[in-house]
Amino acid sequence: MTGTDPASASATPDRPVRTRFAPSPTGDLHIGGVRTALFSWLYARHCEGEFLLRIEDTDRKRSTEEAIAVILTGLRWLGLIADQPPVLQSQRLDRHKKAIQQLLDADKAYRCYCTPAELARMREQAMADGGKPRYDGRCRDRADKPAALRPVIRFKNPPAGEVVIDDLIQGRVVYRNAELDDLIIARADGSPTYNLSVVVDDADMQITHVIRGDDHLNNTPRQINIFRALGQTPPHYAHLPLILGPDGSKLSKRDGSTSILACKAQGLLPSAVLNYLVRLGWSHGDQEIFSLAEMIALFDVRQVNKSAAALNLEKLAWLNQHYMKISPVADLLALAEAQFERAGVALADGPGLTELLAVQKERVKNLQELVEQSRFFYEDIVAYDKAAAKKHLRPAILPAMELLAGRLAALTEWTGADIKAVIDTLATELNMNMGRLAQPLRVAVTGGAISPGIDMTLALLGPDKVQQRLHTALEYIRRRARAG
RNA sequence: GCUCCCUUCGUCUAGCGGUCCAGGACGCUGGCCUCUCACGCCGGUAACAGGGGUUCGAGUCCCCUAGGGAGCACCA
């Protein structure tokens with residue numbers, strides 16, 4: 001246990017693969033955490049193992065119910081479902097305390113009576129001596145028990161030898177035990193600390209592969225030592241490189257644009273977010289588009305890059321547009337409906353969502369854009385887009401528009417094809433380009449210069465709304481003509 | 001300060017000693033298509049951090065430097 005012993009650092013347990021995602025519920029679930037969850041989930045699926053969720057909510061001051069809800073709903077939205085009910089770390093206190101007692105009994109832990117002031121001095125001294133701020137182990141063999149002081153409990157880290165981590169991503173990383181100090185495993189009030197809890201939980205949950213951010217790499221040798229002191233075999237480790245913000249800086253938990261909630265609010269599709277994330281640090285040749293089934297079949301943590309990746313929001317947007325385009329209408333229905341509801345747009349008075357999606361999904365980047373560019377189907381035009389009206393609703397077009405309104409009113413069949421025929425015929429008769437007629441019409445019925453093909457736009461709008469809006473537009477043009 | 005990790009186009013990446021005057025994708029950009037927007041199609045732009053080795057040959061192996069990151073709590 002104290003010597004170099006690479007073989008047992010990550011012994012291969014002969015049991016099915018089991019991964020876990022273990023977030024602490026202290027804020028928004030950001031996109032970096034989601035990727036960690038995705039990789040853990042993918043690896044479990046790939047190996048036909050299990051993926052578990054553990055909420056590390058032992059920091060009562062910072063953990064919140066809302067944050068737990070965000071994690072749960074976020075993962076559900078993405079489809080990263082755990083195979084068992086989530087484990088709440090806060091409910092495992094007894095197990096943690098038992099483990100602490102076990103270490104105490106085995107003389108692998110001891111009580112430390114040093115005061116905070118004493119520890120601070122020790123750190124300063126260590127720094128001054130050119131080392132890292134560490135505890136010197138002075139209470140290891142302390143015989144007295146000062147009644148006035150409430151002790152913490154420290155783990156007896158092996159003093160010599162080294163810990164070898166054969167990390168699935170980082171490769172072999174070696175730490176000398178001399179670099180590690182005796183960390184606190186129980187606070188003065190008896191509550192267990194992070195490194196102890198993690199080890200006990202991972203052991204009890206029979207986790208075989210710990211896939212987490214590489215900010216934990218430095219904790220790993222300590223955790224491996226605790227595993228062994230507890231008589232357990234450490235799991236395999238895979239430390240993922242961190243994700244950086246679009247500007248290359250550290251991803252902030254408070255950065256609104258990178259939280260999973262924000263992605264949803266922006267109308268991004270789960271499939272796009274997943275596809276974007278899987279390509280951050282992992283690739284399969286030149287392939288950019290991966291279905292869930294392909295990800296599961298092809299993904300292997302061992303292929304993940306070691307370097308940090310910066311977020312490229314434009315590429316996410318592009319992928320999202322791609323998925324808007326290729327997703328069957330049926331798959332988008334529920335997501336789109338929710339987005340309209342969030343935006344406060346009532347769908348009752350307008351085309352059905354299925355029909356709308358059929359024409360709109362190919363031309364919008366995300367669901368938010370879908371809502372914004374479809375409002376006019378459901379809500380009255382409050383005002384014309386200024387530039388569009390100025391350019392297209394001018395007096396010169398009045399005769400043509402009046403003719404058009406008449407012919408559309410005479411239509412008995414209100415289909416895209418019939419509408420198109422009317423417009424084409426009139427354009428030919430008047431010797432106009434299709435566009436010279438279509439644009440004013442578009443502004444008249446949508447209020448702006450952007451919409452699906454004019455025939456489909458009118459078809460979806462229905463004859464009544466079209467007539468009503470055309471008359472309003474004709475009045476507008478006449479008024480403008482009179483005004484000179 | 002100490003320990004550990006990283007370094008190919010602006011960004012994500014391919015590359016696992018010769019097939020690389022470095023490939024794909026996003027972005028940007030020229031053109032085509034076109035009733036608007038978008039899509040699509042054709043083309044362009046742009047990178048092996050620097051320096052030493054090893055080798056017949058290095059983006060690919062080794063070392064150093066520089067730069068970046070993480071951790072070093074009675075937080076998780």
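Each chain gets a letter, A, B and so on, in the order the sequences are listed, and its residues count up from 1. Atoms considered below: every heavy atom in the structure, side chains included; atoms not considered: hydrogens, waters and symmetry mates.
Side-chain N/O atoms of A:Asn218 and A:Tyr175 include a donor and acceptor closer than 3.5 Å. Side-chain contact, A:Asn225 with A:Asn157: a donor N or O sits under 3.5 Å from an acceptor N or O. At a cut-off of 3.5 Å, with distance as the only test, a side-chain donor of A:Tyr110 or A:Asp182 sits close to an acceptor on the other residue. No side-chain donor from either of A:Asp57 and A:Gln89 sits under 3.5 Å from a side-chain acceptor of the other. Looking at A:Arg212 and A:Thr220, their side chains do bring a donor and an acceptor atom within 3.5 Å of each other. Using a 3.5 Å distance cut-off with no hydrogens or angles, the side chains of A:Ser191 and A:Asp189 do pair a donor with an acceptor. Side-chain contact annotation: A:Ser451 with A:Thr457, donor-acceptor N/O pair under 3.5 Å present.
As rounded to the nearest Å, B:rG43 and B:rA25 have P atoms that lie 11 Å from one another. Distance check on atom C1': B:rG24 versus B:rA47 gives 14 Å, rounded to whole Å. Rounded to whole Å, the C1' atom of B:rG50 lies 12 Å from the corresponding atom of B:rU7. Between B:rA58 and B:rG53, the two C1' atoms lie 12 Å apart (nearest whole Å). With C1' as the reference atom, B:rC6 and B:rU13 are 16 Å apart, rounded to whole Å. Rounded to the nearest Å, the gap between the P atom of B:rC9 and that of B:rC32 is 33 Å. A gap of 27 Å separates the C1' atoms of B:rG68 and B:rU45, to the nearest Å. If you take atom C1' in B:rU54 and the same atom in B:rA14, they sit 26 Å apart, rounded to whole Å.
Counting heavy atoms from C-beta outward, A:Ile289 and A:Tyr323 have side chains that approach closer than 4.5 Å. At a threshold of 4.5 Å between non-hydrogen side-chain atoms, the residues A:Glu355 and A:Val359 do not count as touching. Proximity of A:Glu294 to A:His284: side-chain heavy atoms (C-beta onward) are nowhere separated by under 4.5 Å.
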Check the pair A:Val198 / A:Glu56 against side chain to side chain contact (heavy atoms under 4.5 Å, CB included), numbers first and verdict last.
CA-CA 9 Å; A:Val198 166; A:Glu56 309 215 321; 3.9 Å; yes
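Closest-nucleotide positions on RNA chain B for A:Ala310 and A:Leu119 were compared, and the one nearer the 5' end corresponds to A:Ala310. Nearer to the 5' terminus of RNA chain B, by closest-nucleotide assignment, is the contact made by A:Arg176 (compared with the other of A:Arg176 and A:Glu288).
Taking 4.0 angstrom as the limit, A:Asn305 places a side-chain polar atom (N or O) nearer than this to OP1 or OP2 of B:rA14. Contact annotation: A:Arg123 reaches the phosphate of B:rA73 (side-chain N/O to OP1 or OP2, under 4.0 Å). The side chain of A:Ser283 places an N or O atom within less than 4.0 Å of a non-bridging phosphate oxygen (OP1 or OP2) of B:rA14.
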Report, as a single string ordered 5' to 3', how protein heavy atoms within less than 4.0 Å touch nucleotides 35-40 of chain B: B base, S sugar-phosphate only, - not at all.
BBBSSS
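With a 3.5 Å ceiling on both atom-pair distances, B:rC33 lacks any Watson-Crick or G-U wobble partner. Pairing of B:rA25, defined by two Watson-Crick or G-U wobble distances under 3.5 Å, is identified with B:rU11. The partner of B:rG67 is B:rC6, by the rule that a Watson-Crick or G-U pair needs both atom distances under 3.5 Å. Here B:rC61 sits opposite B:rG53 as a Watson-Crick or G-U wobble pair (both hydrogen-bonding atom distances under 3.5 Å). Under the Watson-Crick and G-U wobble criteria, each requiring two contacts below 3.5 Å, nucleotide B:rC16 is left unpaired.
We find that CG of A:Asn275 is positioned 14 Å from C1' of B:rU13, with the value rounded to whole Å. Taking atom CG of A:Asn312 as the reference point, atom C1' of B:rC28 lies 12 Å away to the nearest angstrom. Whole-Å rounding puts the A:Asn195 CG to B:rC74 C1' distance at 13 Å. The interatomic distance linking A:Asp181 (CG) with B:rG71 (P) rounds to 16 Å, in whole Å. Following rounding to the nearest Å, A:Phe299 (CZ) and B:rU13 (P) show an atom-to-atom distance of 12 Å. The interatomic distance linking A:Leu316 (CG) with B:rA25 (P) rounds to 18 Å, in whole Å. Whole-Å rounding puts the A:Tyr135 OH to B:rA73 C1' distance at 15 Å. What separates CG of A:Leu180 from P of B:rG71 is a distance of 16 Å, to the nearest Å.
When distances are taken from the side chain of A:Glu179 to each of B:rU3, B:rC26, B:rA76, the shortest belongs to B:rU3. The side chain of A:Glu314 approaches B:rC26 more closely than any other nucleotide in the set B:rC26, B:rA76, B:rA14. Comparing atom distances between the A:Lys315 side chain and each of B:rG24, B:rA76, B:rC2 picks out B:rG24 as nearest. Closest to the side chain of A:Tyr194, out of B:rA76, B:rA70, B:rG23, is B:rA76. For A:Leu217, whose side chain is taken as the heavy atoms from C-beta onward, the closest listed nucleotide among B:rA70, B:rC5, B:rA25 is B:rC5.
A distance of 7.0 Å separates NZ of A:Lys132 from CG of A:Leu180, quoted to the nearest 0.5 Å.
Residue contacts shown for A:Tyr276 are absent, as no nucleic acid heavy atom lies under 4.0 Å away. Contacts of A:Val152 with the nucleic acid, taken as non-hydrogen atoms under 4.0 Å apart, include base atoms. Counting any heavy atom pair closer than 4.0 Å across all strands shown, A:Gln89 reaches sugar-phosphate atoms only and no base atom. Among the atoms of the strands shown, base atoms are found under 4.0 Å from some heavy atom of A:His216. Note on A:Thr58: only backbone sugar-phosphate atoms sit closer than 4.0 angstrom, heavy atoms only; bases stay farther off.
No hydrogens or angles were tested; on distance alone, nothing pairs the side chain of A:Asp215 with the base of B:rG71 as donor and acceptor under 3.5 Å.
For A:Arg54 and A:Asp202, the salt-bridge test passes: some basic side-chain N is under 4.0 Å from an acidic carboxylate O.
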Write down the protein N/O and nucleotide N/O pairs, taken from nucleotides 6-8 of chain B, whose separation is under 3.5 Å; answer none if there are no such pairs.
{"unit_1": "B:rC6", "atom_1": "OP1", "unit_2": "A:Lys306", "atom_2": "NZ", "d": "2.3"}

